[in-house]
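A quick write-up on the structure given underneath.
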Amino acid sequence: MAKRIDLKDVDIYYGAFHAVQNVNLTVIPRSVTAFIGPSGCGKSTVLRTLNRMHEEIAGARVEGEILLDGENIYDRGTDAVAVRRTIGMVFQMPNPFPTMSVRDNVVAGLKLQGVRDKKKLDEVCEASLRGANLWKEVKDRLDKPGGGLSGGQQQRLCIARAIAVQPDVLLMDEPCSALDPISTLAIEDLIADLKKEYTIVIVTHNMQQAARVSDQTGFFNLEATGKPGHLVEIDDTEKIFSNPTQQATEDYISGRFG
Amino acid sequence: MSERIEQRAPGSEGEEDPIVPSSSPVPESTPRRAPSSRRGESVFRFLASGSGVLVVAAIALIGLFLLIQAVPSLMANNANFFTSPEFSTGDANNLSFGIRDLFLVTVFSSVFALVLAMPVALGVALFLTNYAPKQLSRPFAYVVDLLAAVPSIIYGLWGILVLAPAIEPIARWLNTNLGWIFLFRTGNLPVLSGTIFTGGVVLAVMILPIITAVSREVFAQTPRFQIEAAKALGATRWEVIRMATLPYGRSGYIAGSMLGLGRALGETIAVLIVIRASTSPMTFSLFDGGYTFASLIASAASEFSQPLPTGAYISAGLVLFVLTFVVNALARVIAGGKVNG
């Protein structure tokens, strides 16, 4: 289920603007990889190329190879819609479908894949909500609209929705930045559970969070505004935060800039 | 929920707050500026609230005018105002008028127009917001808006001279094959053109722009994060529309349709030209003829010399006034303050 990701010589452009340059990295299955770095360094852009969500912006294109278990997701015959069905994504802003019930939110992805069997949908709904640590809180209001939950619950609902389709990879784009500390803790605990089954890539502004949840950390930086962002280094989280090889990483994690 | 948050975020509250405490420790500048700004404040408030009151007063006065003019005629009426199909005002001493047929023809033609226009408007609005390439979407939207700028007299001429003969075969087919449904049975006219059916099609074209414009506006405002939520799950374009755009825009679409309905109910000259008069009562068929409230009043406008017969038409106008008022109010309630079309 969980798959390996390889980025080889990846360059990302928005029209004429060179957004990210020459990224090479590997994410191994059943691990958490965190991307950190200052605003505008391209970490979210790189994350969004992993499920081709960046293509929603006109003029965006990718050079190089992004391989999912060896298969290039940018191959000519590969459809972006098909890619996204196997790669789950959780966004900065909790975004459940507000008028859909909690249950329908969770199984929305399955329904897109054509699953109609009600028994199966109910099973997956419960399993996903349990997996997202939300089952106890919402089991009595599965038919209430998803927009009625609290922010932290909504974000866990979005995680349940993402894992309901048993994705190969789970992408998280600053999943806690709109949440209070207690909800943040709940999500971080959840990430620790989820990595037993999924390959997780998370973008975060919070370095402590990266240190807490990830096995591997990549530091992105940019030389100046308007210049492309690049991956400064990527290594075991422990090593990045205790003994980085690059001076820029050292400066960033010690709070000297950024 | 989340829509509200987003709407409020760029609001002025957050920006103004920090200014207040920073200006309070500097008391000197405040008293010097206060008088002129306070006067400006009160002048502006007077202008703003005055205009608001004026509009409300105008509507109330129009209603009052209609009522005062209508009451004497209603008192002198020999027929039941609500159930009588006849409308004879030739003899001022023997008025006999009712709105049954006016109401039915008005509602039948307008609702039929709505049934035709709603799906088309939905399709056009979705095409413009989700499918059309950017270079095409603007001019296309402009053309649709232009439909609203065509004078209704032109619609009337086009309706009776071009459209009526063109759709007569369709009317005939419906009458022959689906005549067992009351809507399609032979009505009170000897022919199948110039009927409520024809008028409804013309009205549908006329209300298409308003429904399209309102829906397009609302669909275009679908929050980005809703669309991304659907796309990240691997939704195709149509599935994104179903999961994000339609739930978000539904109330706006319905509100726009209600505004269109309001317009159809009050449309006068095109209806007067297209729908034939009939001497016998309305039979609940789309192939009936007759007058709507508006077309009847317009047709009689040249004879408003005596107060009592005139009052009869004004009472019909009063009913139309209330009807459109209710439909528009309904649109507001459904939209929940989201649309200002």
Side-chain angles (χ1 to χ4, degrees), chain A residues 47-48 50-59 79-101 104-114 145-151 153-155 157-158 161-165 167 169-173 178, chain B residues 1-11 14 122 126 128-138 215 218-255 334-339:
Chain A
L47 187 81
R48 282 167 168 258
L50 300 182
N51 67 344
R52 297 180 64 168
M53 276 300 281
H54 74 294
E55 288 176 3
E56 293 313 313
I57 295 163
D79 183 19
V81 166
V83 169
R84 291 176 196 148
R85 289 195 176 182
T86 64
I87 297 184
M89 185 157 191
V90 178
F91 295 82
Q92 183 172 357
M93 183 81 124
N95 58 358
F97 300 110
T99 52
M100 264 189 212
S101 69
D104 285 345
N105 260 290
V106 176
V107 299
L110 280 182
K111 281 190 174 170
L112 286 181
Q113 296 179 5
L149 303 179
S150 76
Q153 289 173 330
Q154 287 191 14
Q155 193 62 304
L157 177 60
C158 292
R161 182 175 67 189
I163 61 177
V165 294
V169 175
L170 193 56
L171 306 177
M172 297 180 146
D173 191 356
Chain B
M1 282 290 280
S2 33
E3 305 152 15
R4 302 256 163 80
I5 295 166
E6 220 209 10
Q7 279 169 357
R8 224 188 262 174
L122 182 66
L126 287 176
L128 289 175
T129 49
N130 287 274
Y131 288 93
K134 281 238 157 39
Q135 311 90 292
L136 191 68
S137 133
R138 275 197 163 273
S215 316
V218 184
F219 291 154
Q221 282 172 17
T222 310
R224 223 186 119 75
F225 59 88
Q226 290 299 326
I227 294 173
E228 286 190 332
K231 286 206 164 136
L233 284 174
T236 60
R237 207 179 279 199
W238 162 240
E239 286 161 344
V240 171
I241 290 172
R242 232 182 40 203
M243 295 169 86
T245 310
L246 287 182
Y248 178 81
R250 185 168 48 204
S251 60
Y253 169 60
I254 294 173
I334 293 169
K338 219 189 259 173
V339 181

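Lettering of chains follows the sequences in order, A, B, ..., and the numbering in each one begins at 1.
Partners of B/A229 by side chain to side chain contact (heavy atoms under 4.5 Å, CB included), not counting sequence neighbours, listed by chain and number: A/N95, A/F97, A/R161. Partners of B/T236 by side chain to side chain contact (heavy atoms under 4.5 Å, CB included), not counting sequence neighbours, listed by chain and number: A/V81, A/R85, B/W238, B/E239. Residues forming a side chain to side chain contact (heavy atoms under 4.5 Å, CB included) with A/D173 (at least two apart in sequence, or on another chain): A/S44, A/L47, A/R48, A/M89, A/V203.
Only the backbone of A/I87 has a heavy atom closer than 4.5 Å to any heavy atom of chain B.
A distance of 10.5 Å separates CD in B/E228 from CD in A/Q92, rounded to the nearest 0.5 Å.
Interface with chain B: from residues 104-113 of chain A, residues A/A108, A/G109, A/L112 qualify, criterion being any non-hydrogen pair under 4.5 Å.
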>> Please determine whether side-chain contact (heavy atoms from CB on, under 4.5 Å) holds for the pair B/K231 and A/E56, giving the CA-CA distance in whole Å, both sets of side-chain angles, and the decisive distance to 0.1 Å.
In response: CA-CA 9 Å; B/K231 286 206 164 136; A/E56 293 313 313; 2.5 Å; yes
